[in-house]
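Heads up: the structure comes next, in structure tokens.
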There are 2 protein chains.
Amino acid sequence: MPANILLVEDEPAIQELIAVNLTRAGHHVVRVSDAETAERMVREALPDLILLDWMLPGMSGVELARRLRADERTRPVPIIMLTARGEEQDKVVGLDTGADDYITKPFSPRELVARIKAVLRRRAPQVTDDPVEAGGIRLDPSTHRVSANGQSLSLGPTEFRLLHFLMTHPERVHSRTQLLDRVWGDHVFVEERTVDVHIRRLRSALEQTGHDALVQTVRGSGYRFSTQLESNT
Amino acid sequence: MPANILLVEDEPAIQELIAVNLTRAGHHVVRVSDAETAERMVREALPDLILLDWMLPGMSGVELARRLRADERTRPVPIIMLTARGEEQDKVVGLDTGADDYITKPFSPRELVARIKAVLRRRAPQVTDDPVEAGGIRLDPSTHRVSANGQSLSLGPTEFRLLHFLMTHPERVHSRTQLLDRVWGDHVFVEERTVDVHIRRLRSALEQTGHDALVQTVRGSGYRFSTQLESNT
DNA sequence: CAGCTATTTGACGTTTTTGTGACAACATAA
DNA sequence: TTATGTTGTCACAAAAACGTCAAATAGCTG
């Protein structure tokens, strides 16, 4: 289960150490040295998980975590705190800010990878029933209804789940494989091309209400739900 | 929704951590360090929820849960198990004893509060004796009567409870399993498809009075009582 | 522009899910 | 007891959704 991980750590040596190990574990790591940049990146494309150093120049890790938790859109992203001190107090405060786990330096790569795996798995069944709204589309899992500017539209179960997933992970590119895993389920044996077909069905449903640029194709990579127009060269 | 919570945890530090957070979340917390005392307190005054540590000196949490489940009076009190990391397999057993949920240490206060909220909501006795009215249908539990635009119609007991439940939880989609739990009872052994049949009987009763779109099918999910028309096109 | 690859699209057969009528078991009341 | 009504289950019918393919189209590279 490879994941996109955002590593926020100012000390180059540690950054390197962590990045190497995570990459070896199959994850895709993006490195950042300060909280401000990190915040921008998170808003740009939600990572699957954030590794956040406790102490950072400028805005601290704690502060960043708090800010991310304050925003509806970034709230669900799991955060693991990297803390230098092993004090009980810090742990409490750290978790209080909304971190999902903490790990005390120095730590073994093995442990880090294990923790990440645990957090990612724990996050998985975190299916929220909360309504999602973006780009004029409103999707409510509890009533199983989708409406576009008041006008309601009907989707098959799979299209519904697909749209739900895309809307809860907006602005991010999802490969066909990822979509199959997250929308269809880990164990299904389905052609990747099938995703295309469902994307198309979803699109044509959305188009009937005038929304036609929400589900975007990223050639060679996958699909993306975005309220921003596609960037053209 | 503040609740009375009984916290059974022997380790002072964790007890403190949890208590502080729950109190901050508006709950009233009573702390106890062993199962025996806990049992006495529960019998004395039923709490709204019990947070129960898996491992306890003397009688274990599991054992306590089992005993509470065995008694008619204490059975309905929801229990959330606190388990230490790495007891994955035990989770199953824990749920088996009748726990409503479990949470693995270390956990974030945020997560704990959320779980508690979820369990309390799930357990909330939302069935009252008040008459319900929606979509031209009026249902009165106290007189056990249903009327559609004045015209009264007769339903079997099961259809009555089914309609009652649907009307008191309108617009929401209910899976067959949920309906079995809430209408038939928690642990009845009935085929899921039986729900379909009763839905059909309910529908045909309603149709005789001209109401035919109230009970809607949501393919792949379940059924829904709604006054809004099903989305078309 | 040509050649190539990736994606879109429409069609189609299959599978899954739901609707329906019938029936036997059971309870209840006359 | 019989008569009446309710309930759970089944088998089959109907409907909807699904996955796959192949042809058409679009995008990229040189």
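Basis for what follows: all heavy atoms, side chains included, without hydrogens, waters or symmetry-related copies. Order of the sequence lines sets the chain letters (A, B, ...), proteins ahead of strands, with each chain counted from 1.
Counting to the nearest Å, the C1' atom of D:dG5 and the CD atom of B:Glu159 are 11 Å from each other. When rounded to the nearest whole Å, the span between CZ of B:Arg193 and P of C:dT16 equals 14 Å. Here D:dA17 presents its C1' atom at 8 Å from CZ of A:Arg201, a figure rounded to the nearest Å. Rounded to whole Å, atom C1' of C:dT17 lies 13 Å from atom NE2 of A:His144. Put simply, CD1 on B:Ile199 is 12 Å from P on C:dT20, counting in whole angstrom units. For B:Arg161 and D:dT6, the CZ to C1' distance is 11 Å, given to the nearest whole Å. In this entry the distance linking CD of B:Gln216 with C1' of C:dT18 reads 15 Å, nearest Å. To the nearest angstrom, P of D:dA26 lies 13 Å from CZ of A:Arg203.
For C:dT8, the OP1/OP2 oxygens have a side-chain nitrogen or oxygen of A:Tyr223 closer than 4.0 Å. Between B:Trp184 and D:dT7 there is no side-chain N or O to OP1 or OP2 distance below 4.0 Å. OP1 and OP2 of C:dT18 both lie 4.0 Å or more from every side-chain N or O belonging to B:Thr217.
Considering only side-chain atoms of B:His198, the nucleotide from C:dT7, C:dG10, D:dG8 that sits closest is D:dG8. Of the candidates C:dT8, D:dA17, C:dA22, D:dA17 carries the atom nearest the A:Pro157 side chain, counting heavy atoms from C-beta on. When distances run from any side-chain atom of A:Val197 to the nucleotides C:dT9, C:dG19, D:dT9, the shortest one goes to C:dT9. Of the listed nucleotides (D:dT20, C:dT7, D:dT9), C:dT7 has the atom at the smallest distance from the side chain of A:Asp196.
What you find for A:Phe160 and A:Asp140 is that their closest heavy atoms are CZ-O, 4.0 Å.
Annotation: side chain of B:Val132 is not in contact with side chain of B:Ile137 (no heavy-atom distance under 4.5 Å). For the pair B:Arg203/B:Thr217, a side-chain contact is recorded, criterion being any heavy-atom separation below 4.5 Å from C-beta on.
Positionally, the nearest nucleotide of DNA chain C for A:Arg219 lies more toward the 5' end than for the other of A:Arg219 and B:Arg176. In terms of position on DNA chain C, the residue among A:Arg200 and B:Gly220 whose nearest nucleotide sits closer to the 5' end is A:Arg200. If you find the closest nucleotide of DNA chain D to A:Thr194 and to B:Glu191, the one lying nearer the 5' end belongs to B:Glu191.
We find that A:Arg43 and A:Glu171 are not joined by a salt bridge, their nearest charged nitrogen and carboxylate oxygen being 4.0 Å or further apart.
Just one of A:Leu6, A:Ile5, A:Asn4 meets the side-chain contact (heavy atoms from CB on, under 4.5 Å) condition when paired with A:Asp48; it is A:Asn4.
Using a 4.0 Å heavy-atom criterion, one finds that A:Ser204 contacts no nucleic acid atom at all.
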